[in-house]
There are 2 protein chains.
Amino acid sequence: MWPLSQKPGWAAATAIWSTRMSLARLDNKWTAMVVIALGRGDGLRFGDLRAVVQGISAKVLTETLRDLERDGIVARHEYAEMPPRVEYELTALGRTLHVPLQALGRWAEKHTAEVLEAREAYDAGRR
Amino acid sequence: MWPLSQKPGWAAATAIWSTRMSLARLDNKWTAMVVIALGRGDGLRFGDLRAVVQGISAKVLTETLRDLERDGIVARHEYAEMPPRVEYELTALGRTLHVPLQALGRWAEKHTAEVLEAREAYDAGRR
DNA sequence: CGGTATCCGTGTAGATACTG
DNA sequence: CAGTATCTACACGGATACCG
């Protein structure tokens with residue numbers, strides 16, 4: 001048989017998802033983390049999210065949440081109180097996305113040490 | 001009981017993975033796509049990868065592959081031929097990462113249409 | 001073929017200040 | 001509290017040219 005990469009039409013067929021990943025914003029730096037965070041707690045507030053998704057600025061969190069809301073992943077609930085309270089939760093669509101993303105988060109928890117070791121070994125070899 | 005987000009220590013405990021995701025480069029735009037591509041074919045060549053991961057430039061693909069090699073996700077095999085041939089494949093660690101990423105790719109295939117619809121609806125409402 | 005080197009534009013994100 | 005507005009910078013990535 002053909003080497004997989006030379007099989008006619010393989011590249012074209014396989015290439016579809018790379019466009020899709022971009023369309024669904026899965027190439028965005030913060031999207032995954034925000035969705036994972038939202039999947040863990042119900043009705044998380046803006047401030048909670050900032051605390052959980054470490055390193056994100058208020059501006060970027062706002063933009064990320066807007067994009068996710070626009071894409072039907074996140075629902076926003078604003079309460080007309082003083083001081084204001086806004087809660088975010090995943091939509092039904094968002095919960096389907098949360099499943100693979102949570103698996104990814106678990107991979108990160110589990111294997112970061114190995115990655116870091118490999119990195120050190122690689123750098124040691126270069127020196 | 002406490003609202004989840006106010007439970008003491010919850011934010012701190014939950015926050016760990018957001019650092020880990022970054023450390024493992026899972027916040028990189030192209031990492032996921034390259035790993036998915038590599039998981040689908042064995043011994044993919046540089047040119048194959050460029051064709052499959054649409055939109056990536058040679059420079060950025062090189063950098064991405066170097067980083068993944070450094071992190072122990074990807075193995076590089078160079079053959080001293082003319083013209084040169086270089087093949088890339090996932091390591092054992094890389095294959096464990098491929099599992100959740102492939103699930104993510106499938107989500108993208110399956111739900112992009114819904115995302116795009118939501119986006120249109122949102123924009124229509126704003127207009 | 002499979003890169004690297006260089007240059008350079010721009011998007012992404014940080015800091016800061018301000019508001020309903 | 002939950003943002004918005006503005007300004008800025010630098011990393012990211014694209015284009016081009018060249019090399020082993």
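Below, read A as the first sequence line, B as the second, and so on, with proteins coming before strands; counting in each chain starts at 1.
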First encountered from the 5' end of DNA chain C, between A:Lys29 and B:Leu65
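Comparing both residues, the 5'-ward one is B:Leu65.
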A:Glu87 and A:Arg85: CA distance, side-chain angles, deciding distance, salt bridge (Lys or Arg N to Asp or Glu O under 4.0 Å) verdict:
CA-CA 7 Å; A:Glu87 292 185 354; A:Arg85 180 164 59 102; 3.0 Å; yes
Counting only side-chain N and O atoms of [X], is one of them less than 4.0 Å from OP1 or OP2 of [N]?
X       : N      : value
A:Arg85 : D:dG3  : no
B:Thr62 : C:dG3  : no
B:Trp30 : D:dC12 : no
B:Arg45 : C:dG2  : yes

To the nearest Å, how far apart are [X] [atom1] and [N] [atom2]?
X       : N      : atom1 : atom2 : answer
A:Asp27 : C:dA13 : CG    : C1'   : 16 Å
B:Leu49 : C:dG3  : CG    : C1'   : 13 Å
B:Tyr88 : C:dC1  : OH    : C1'   : 11 Å
B:Glu78 : C:dG2  : CD    : P     : 11 Å
B:Ile56 : D:dG14 : CD1   : C1'   : 12 Å
B:Glu63 : D:dG14 : CD    : P     : 10 Å
B:Phe46 : C:dT4  : CZ    : P     : 8 Å
B:Leu61 : C:dC1  : CG    : P     : 15 Å

Of all the choices, C:dG2, D:dA2, D:dG3, which nucleotide is nearest to the side chain of A:Pro84 once you look at every atom?
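So the side chain of A:Pro84 is nearest to D:dA2.
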Any idea which of D:dG14, D:dG3, D:dG20 is nearest the B:Ser57 side chain?
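Out of D:dG14, D:dG3, D:dG20, the nucleotide with an atom closest to B:Ser57's side chain is D:dG14.
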Across the strands shown, which category fits B:Tyr79 at heavy-atom distances under 4.0 angstrom: base, sugar-phosphate, nothing?
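Result for B:Tyr79 = nothing.
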Pick base, sugar-phosphate or nothing for A:Arg50, based on heavy-atom distances below 4.0 Å to the nucleic acid.
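It contacts nothing in the nucleic acid.
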Hey, does the side chain of A:Asp71 reach the backbone of A:Leu68 with a donor-acceptor pair shorter than 3.5 angstrom?
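No: the side chain of A:Asp71 does not pair with the backbone of A:Leu68.
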What I'd like to find out is whether the side chain of B:Met33 reaches to under 4.5 Å of the side chain of A:Ser22, using heavy atoms alone.
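Yes, at least one pair of side-chain atoms sits under 4.5 Å.
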Any non-hydrogen side-chain atom of B:Trp107 less than 4.5 Å from a side-chain atom of A:Val99?
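In short, these two side chains do not touch, never coming nearer than 4.5 Å.
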Determine whether a donor-acceptor pair (one donor, one acceptor, N or O, separation below 3.5 Å) exists between the side chain of A:Lys59 and the base of C:dG14.
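Checked by distance alone, the answer is yes.
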Reading DNA chain D from 5' onward, which residue's closest nucleotide shows up sooner: A:Arg66 or A:Pro83?
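The residue closer to the strand's 5' end, by nearest nucleotide, is A:Pro83.
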Taking B:Arg119 first and then B:Glu117, would you say they form a salt bridge - that is, a charged N and a carboxylate O separated by under 4.0 Å?
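Between B:Glu117 and B:Arg119 there is no salt bridge, as every charged N stays at least 4.0 Å from the carboxylate O atoms.
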